[in-house]
*Asks:* 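What follows is a structure written as structure tokens; I'll ask about it next.
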Amino acid sequence: MKFYRIFSIAFLLIVTLCSFDSPNNTKQADKNFDQKKNKPLNIIYIMADDHAYQAISAYGSQISKLAPTPNIDRIANEGARMDAVYCTNSICGPSRASILTGKFSHVNGFYKNVDGGDFNGEQLTFPKIFQKNGYQTAVIGKWHLGTTPTGFDYSKVLINWGGQGTYYKPQFCINGTDTIVENQLHVTKAIENDCLDWLSKRDTTKPFMLLYQFKAPHRDWRPDSIYHELFSDFDFPLPETFNDNYEGRLAASENMMEIGRHLNRRDMKQVPPPGLSRKDSLRWLAYGDKGQYWSPSDTLTGDALKYWKFQTYIKDYLRCVAGIDRAVGSVLDYLEENGLSENTIVIYTSDQGFYLGEHGWFDKRWMYEESFKMPFVIKNPRTIAAGTVSDAMIMNVDFAPTMLDMVGIEVPSEMQGKSFKGVFEGNEEDQRKSVYYHYYEWPIWHKVQPHYGIKTDRYKLIHFYYSMDVWELYDLKTDPNEMNNIYSEASPELIADLKKELHELRIEYKDDGTIEEMKEMTDIVIKRVYNEPKIYKESNNNKK
Ligand code: SGN
Ligand code: CA
């Protein structure tokens, strides 16, 4: 018995050490262990879908003060709140693909959600590198990249509604083979339970890297019934730019994502009249999408109607956020209760930002601040001082290199992003001077012109190039809400400097195709070939 125990301890030790002895990274074994505690660093990467920084109380906005997120704030308080993290393409699948690969959309190939094909899971991603280096890896929740996740020991991802998943009766695919439908729980609760379950059953001899990814608070903002009464006794303030008239911004003026004009009956939780066929009732619910006028009552019109739509929208959105905050809290509690807090990096972010009524909008896609900027809080008790706030400019392609770097794994040179670990160690020279953006999808959904641009610490220059040729320039110091396009009145030197920097970034990131080539990328239709189990396809077809 004694011999067996000694043998198994020795065996475990060998297995653990061998698992770090990867040809990829010889330095890792010594770096990855805390010298004092001899424990490897784990990672929990938490990502919501469409969670605006304005709806996280650590960021201090007016609305978040009325709808606080104490658990997400715990991560910021115990670590850092990052104030200038940007996505390179503000749309779900493309942002996720950039995060996984550390590469820009046009390089990893997944640059459009609609007619953009499937993510090529054969390419190098950070979960694969963690896995190779002895980590136990898992992804649970929203994936939305078509193909079955690769690089994970365990995956349980949403597959219905084209990979979006639904709030109720969501369908999940486990390890690319088994499909299950969750009939009881709200999707956030189901994902929360699955993560806690995976954590409690994991192999404790190995470090872990878990992607914990919510469907909420994505459109159509359907909260768990336990939150239905939340915020029902007060209204939220309107954002400053709620009644923007888009003057001087042609692309914005052509949008189809206005709270006043494009929220449909389904978004507003209206109930179809009895007796309609399934097809007709779906059509009835989608009414409003294309700007068709509707009101829930004969008397609710004009500004009052727009106000009612905003309150209905924002309250449901924030109720979804409340569920996420609880689910973040239970995982943080698990880490504390199981002695894992000190050696686990926890990140909370969203696939992109979102409009909560700013410029009169919902949705994302624009290079304007609310959708370009991602919320990002991170705790790493070994290297990040509690209560850190940083305005270092970071892009989502930097996440993979940073996570690898933080645990001591070498960052592959093919990744275009770079580690921002140095930001927490006072390495100013590591910091970016500007960030780059490129969005391709057109016209659905929401009619946002393809555009690319650059943001420096003060200015933002954007080129809308698809069915117009329009430049916009904002001075973020004097006009943080981006209401005044100063392109035609700015000094030629300033414009020339910014264009030069933009041009250099396009060359550096290998995104220097001609306008015609970029338009072709928008026009090309690459059908998705879902690598999903037959049972899912059949049940989906039955719905049509
Ligand atoms: C759905 C939504 C859109 C949203 C896209 C992309 N419409 O199509 O409003 O922009 O997803 O979202 S819905 O009526 O079906 O909800 S993303 O998060 O996948 O990028
Ligand atoms: Ca999204």
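Counting convention: from 1, in listed order, for ligands and their atoms alike. Keep in mind that this is a model prediction, so the values were computed, not measured.
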*Asks:* Taking the six-membered ring for Trp, are Y452 and Y465 parallel (under 30°), tilted (30 to 60°) or perpendicular (over 60°)?
*Replies:*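 The arrangement is tilted - the two ring planes meet at 30° to 60°.
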
*Asks:* Is the closest side-chain heavy-atom distance between R432 and Y86 below 4.5 Å?
*Replies:*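 With C-beta onward as the side chain, the pair stays apart.
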
*Asks:* Less than 3.5 Å between some nitrogen or oxygen of K364 and one of ligand 1, yes or no?
*Replies:*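 Checking ligand 1 against K364, an N or O pair does fall under 3.5 Å apart.
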
*Asks:* Report yes or no: does a heavy atom of M257 sit under 4.0 Å from some atom of ligand 1?
*Replies:*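 Checking ligand 1 against M257, which is what was asked, there is no heavy-atom contact under 4.0 Å.
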
*Asks:* Report the nearest protein non-hydrogen atom to atom 9 (O) of ligand 1: residue, atom name, distance rounded to 0.1 Å.
*Replies:*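 Looking only at protein heavy atoms, the one closest to atom 9 (O) of ligand 1 is H446 NE2, 2.7 Å.
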
*Asks:* Relative to W294, does K309 satisfy both conditions: NZ or CZ under 6.0 angstrom from the six-membered ring centre, and within 45 degrees of the ring's axis?
*Replies:*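 Verdict for W294: a cation-pi partner in K309.
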
*Asks:* With sequence neighbours excluded, what pairs up with R74 under the salt bridge (Lys or Arg N to Asp or Glu O under 4.0 Å) test?
*Replies:*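 Residues passing salt bridge (Lys or Arg N to Asp or Glu O under 4.0 Å) with R74: D333, E336.
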
*Asks:* State the count of protein N/O/S atoms located less than 3.0 Å away from the Ca ion (ligand 2).
*Replies:*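 For the Ca ion (ligand 2), the figure is 5.
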
*Asks:* Using a 4.0 Å cutoff against the non-hydrogen atoms of D50, which atoms of ligand 1 qualify?
*Replies:*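 Checking each atom against D50, I get 18 (O).
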
*Asks:* Please could you name the atoms of ligand 1 that N113 approaches to less than 4.0 Å, counting only its heavy atoms?
*Replies:*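 Near N113, the atoms of ligand 1 are 6 (C), 17 (S), 19 (O), 20 (O).
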
*Asks:* Which heavy atom of the protein is the closest neighbour of atom 8 (O) of ligand 1, given with residue, atom name and distance?
*Replies:*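 The closest one turns out to be W445 CE2, 3.0 Å.
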
*Asks:* Are E192 and Y212 packed together at the side-chain level, in the sense that at least one heavy-atom pair is separated by less than 4.5 angstrom?
*Replies:*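 Yes, side chains in contact.
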
*Asks:* Please confirm whether C92 comes within less than 3.5 Å of ligand 1 when only nitrogen or oxygen atoms on both sides are compared.
*Replies:*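 Looking only at distances, the answer is yes, because the N/O contact criterion of under 3.5 Å is met.
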
*Asks:* Just let me know how N264 lines up against ligand 1, side chain, backbone, both or neither, with a heavy-atom cut-off below 4.0 Å.
*Replies:*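 Contact part for N264 vs ligand 1: neither.
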
*Asks:* Specify the protein heavy atom at minimum distance from atom 13 (S) of ligand 1: its residue, its atom name, and the distance to 0.1 Å.
*Replies:*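 Checked against all protein heavy atoms, atom 13 (S) of ligand 1 sits closest to R266 NH2, 3.7 Å.
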
*Asks:* Just let me know how D267 lines up against ligand 1, side chain, backbone, both or neither, with a heavy-atom cut-off below 4.0 Å.
*Replies:*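 Near ligand 1, D267 shows nothing, with every heavy atom at 4.0 Å or more.
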
*Asks:* What is the nearest protein non-hydrogen atom to atom 5 (C) of ligand 1, stated with its residue, atom name and distance?
*Replies:*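 Looking at atom 5 (C) of ligand 1, the protein heavy atom closest to it is R365 NH2, 3.7 Å.
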
*Asks:* I need the contact type for D289 against ligand 1. Using non-hydrogen atoms and a strict under-4.0 Å cut-off, is it side chain, backbone, both or neither?
*Replies:*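 The answer is neither.
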
*Asks:* Give the ring-plane orientation class for F110 versus F119, where under 30° counts as parallel, over 60° as perpendicular and anything between as tilted.
*Replies:*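 The rings of F110 and F119 stand perpendicular, inter-plane angle above 60°.
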
*Asks:* Between Y59 and R81, is there a cation-pi geometry (under 6.0 Å to ring centre, at most 45° from the normal)?
*Replies:*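 Because its charged atom sits under 6.0 Å from the ring centre and within 45° of the axis, R81 does stack over Y59.
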
*Asks:* Please name all residues satisfying salt bridge (Lys or Arg N to Asp or Glu O under 4.0 Å) with E369, sequence neighbours left out, ordered by chain then number.
*Replies:*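 E369 satisfies salt bridge (Lys or Arg N to Asp or Glu O under 4.0 Å) with K455, K460 once adjacent residues are dropped.
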
*Asks:* Using side-chain heavy atoms (C-beta onward) and a distance below 4.5 Å, is F242 in contact with P239?
*Replies:*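 They are in contact (side-chain heavy atoms under 4.5 Å apart), so the answer is yes.
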
*Asks:* To the nearest 0.1 Å, how far is atom 4 (C) of ligand 1 from its closest protein heavy atom, and which atom is that?
*Replies:*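 The closest heavy atom on the protein side is D363 OD1, 3.4 Å.
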
*Asks:* List the closest protein heavy-atom neighbour of atom 19 (O) of ligand 1: residue, atom name, distance to the nearest 0.1 Å.
*Replies:*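 For this ligand atom, the closest protein heavy atom is Q164 NE2, 2.9 Å.
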
*Asks:* Hey, do the aromatic rings of H438 and Y509 have their centres closer than 6.0 Å?
*Replies:*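 Ring centroids of H438 and Y509 are no less than 6.0 Å from each other.
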
*Asks:* Within 45° of the six-membered ring axis of F236 and under 6.0 Å from that ring's centre, is NZ or CZ of K315 located there?
*Replies:*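 No, K315 does not lie over the aromatic ring of F236.
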
*Asks:* Taking only heavy atoms of H144 into account, list the atoms of ligand 1 that are under 4.0 Å away from them.
*Replies:*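 Checking each atom against H144, I get 19 (O).
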
*Asks:* Is it true that R249 and E472 make a salt bridge, defined as a side-chain N closer than 4.0 Å to a carboxylate O?
*Replies:*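 The answer is no: the pair does not qualify as a salt bridge.
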
*Asks:* What pairs with K364 under salt bridge (Lys or Arg N to Asp or Glu O under 4.0 Å), at least two apart in sequence or on another chain?
*Replies:*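 Only D50 meet the salt bridge (Lys or Arg N to Asp or Glu O under 4.0 Å) criterion with K364.
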
